[in-house]
A.B. asks: 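One structure follows; several queries about it will come next.
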Amino acid sequence: MLDSITNIASTSSITLESLLLCTLASIVLGIGVALVHMYRNIYSKNFIVTLALLPAIVQIIITLVNGNLGTGVAVMGAFSLVRFRSIPGGAREIGSIFLAMALGLATGMGHITIAFMFLAIIGAMTLLLNITRFGEQKEEEKELKITIPENLDYEGIFDDLFVKYTNGAELVKVKTTNMGSLYELHYRIILKGSAIEKKFLDELRCRNGNLNIVCGRISSNHSEL
């Protein structure tokens, strides 16, 4: 077995110096991706650590398959399906994962300079687009949950209030609660102004018998891919 390992090492074009250089560059690039991802974002430590190490993992796999890009991508695709398809991820999380994998592919193929240039360009654009108002809605969309008793017909019951206080309202779903004695209506609304929110909620309370009303930002899974 020792002889076979020695033979592989002698016939391979990979040198220890180049392997260490590519791995070090991958780790630096991974930390760069992690820093870009953390900017103005909600994150967990486990995800950031994984993101920082992902380029090095991809790079070592590409190196071990001797630059066979097709084989390396197939292996990494299998790994990503096992882990990342099982947990919902936001659009920015998935974008950071693909960026880290692309950098790992570049360093695994020996294109370290291209990898750093790619990180600089994509990282700068990510920061710039997050600093500016690019892609933001001019009017903030909110999620509204209204609980009503089962004897009320929810079809059109709040339409006049929506016309008065919102620029748009959509009933997303309806579900029963409290053993079927109550309905919970889920809306997405765009208020005409933040100053009128309390008046809007007060009139809704009068209409639904002072049962629970929740109004807030759209949940994070709204931006999932």
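Residue indices begin at 1 and follow the sequence shown.
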A.B. asks: Restricting to non-hydrogen atoms, name the atom on Ile157 and the atom on Leu152 that form the minimum distance, rounded to 0.1 Å.
C.D. replies: CD1-CD1, 3.8 Å
A.B. asks: What do you reckon, is CD1 of Ile42 surrounded by more than 12 foreign heavy atoms closer than 6.0 Å?
C.D. replies: no
A.B. asks: So which atom in Ala34 and which in Ile48 form the shortest heavy-atom distance, rounded to 0.1 Å?
C.D. replies: CB-CG2, 3.8 Å
A.B. asks: Indicate whether the side chain of Asn130 and that of Arg40 have a donor and an acceptor atom separated by less than 3.5 Å.
C.D. replies: no
A.B. asks: Tell me every residue that passes salt bridge (Lys or Arg N to Asp or Glu O under 4.0 Å) with Lys173, counting only those two or more places apart in sequence or in another chain.
C.D. replies: none
A.B. asks: Please enumerate all residues that pass salt bridge (Lys or Arg N to Asp or Glu O under 4.0 Å) together with Lys199, with sequence neighbours excluded.
C.D. replies: none
A.B. asks: Are the side chains of Phe118 and Leu29 in contact, using a 4.5 Å heavy-atom criterion?
C.D. replies: no
A.B. asks: Any side-chain heavy-atom pair from Ile146 and Arg205 closer than 4.5 angstrom?
C.D. replies: no
A.B. asks: Pairs under 3.5 angstrom only: tabulate donor-acceptor contacts from the side chains of residues 100-117 to other protein residues two or more places apart or in another chain.
C.D. replies:
unit_1, atom_1, unit_2, atom_2, d
Thr107, OG1, Ser26, OG, 2.8
Thr107, OG1, Leu103, O, 3.2
Thr107, OG1, Gly104, O, 3.1

A.B. asks: Rounded to the nearest 0.5 Å, how far does CZ of Arg92 lie from CG of Leu99?
C.D. replies: 11.5 Å
A.B. asks: Treating Ile, Leu, Val, Met, Phe, Trp and Tyr as nodes and any side-chain heavy-atom pair under 4.5 angstrom as an edge, say whether Leu191 and Leu161 lie in one connected cluster.
C.D. replies: yes
A.B. asks: Should Leu21 and Val58 be regarded as members of a common hydrophobic cluster, given that ILVMFWY residues are connected when their side-chain heavy atoms come within less than 4.5 Å of each other, either directly or indirectly?
C.D. replies: yes
A.B. asks: Does the side chain of Glu184 come under 3.5 Å of the side chain of Thr176 through a donor N or O and an acceptor N or O?
C.D. replies: no
A.B. asks: Hey, is the main chain of Asn212 close enough, under 3.5 Å, to the side chain of Lys145 for a donor-acceptor pair?
C.D. replies: no
A.B. asks: Tell me the side-chain hydrogen bond (donor to acceptor under 3.5 Å, both in side chains) pairs involving residues 95-106, sequence neighbours left out?
C.D. replies: His37-Ser96
A.B. asks: Say whether, by atom type as modelled, one donor and one acceptor occur between the side chain of Arg188 and the main chain of Leu144 under 3.5 angstrom.
C.D. replies: no
A.B. asks: Side chains of Ile190 and Thr166: closer than 4.5 Å at any heavy-atom pair?
C.D. replies: no
A.B. asks: Closer than 4.0 angstrom, basic N to acidic O: yes or no for Lys164 and Asp160?
C.D. replies: no
A.B. asks: Please collect all ring pair (Phe, Tyr, Trp, His ring centres under 6.0 Å) contacts where either partner lies in residues 178-200, sequence neighbours excluded, each pair once.
C.D. replies: Tyr154-Tyr183, Phe162-Tyr187, Tyr165-Phe200
A.B. asks: Is it the case that one hydrophobic cluster holds both Ile213 and Phe158, taking links as side-chain heavy atoms less than 4.5 Å apart, direct or via other members?
C.D. replies: yes
A.B. asks: Given side-chain contact (heavy atoms from CB on, under 4.5 Å), test Ile148 with Leu182 step by step and report yes or no.
C.D. replies: CA-CA 6 Å; Ile148 63 173; Leu182 301 172; over 6 Å; no
A.B. asks: Can you confirm whether Glu141 sits close enough to Ile189 that some side-chain heavy atom of one is under 4.5 Å from a side-chain heavy atom of the other?
C.D. replies: no
A.B. asks: If I take atom CD1 from residue Ile57 and atom CD1 from residue Ile27, how far apart are they, to the nearest 0.5 angstrom?
C.D. replies: 10.0 Å
A.B. asks: List the residues meeting salt bridge (Lys or Arg N to Asp or Glu O under 4.0 Å) with Glu170, not counting sequence neighbours, and say none if there are none.
C.D. replies: none
A.B. asks: Starting at CG of Leu201, measure out to CD1 of Ile196 and round the result to the nearest 0.5 Å.
C.D. replies: 10.0 Å
A.B. asks: Would you say the side-chain atoms of Asn208 pair up with the backbone N or O of Thr147, donor to acceptor, closer than 3.5 Å?
C.D. replies: yes
A.B. asks: Can you confirm whether Gln59 sits close enough to Thr23 that some side-chain heavy atom of one is under 4.5 Å from a side-chain heavy atom of the other?
C.D. replies: yes
A.B. asks: Could you pull out the closest heavy-atom pair between Lys192 and Asn167, with the gap in Å?
C.D. replies: CG-OD1, 3.3 Å
A.B. asks: For Cys215 and Glu197, work out which heavy atoms get closest and say how close.
C.D. replies: SG-OE2, 3.8 Å
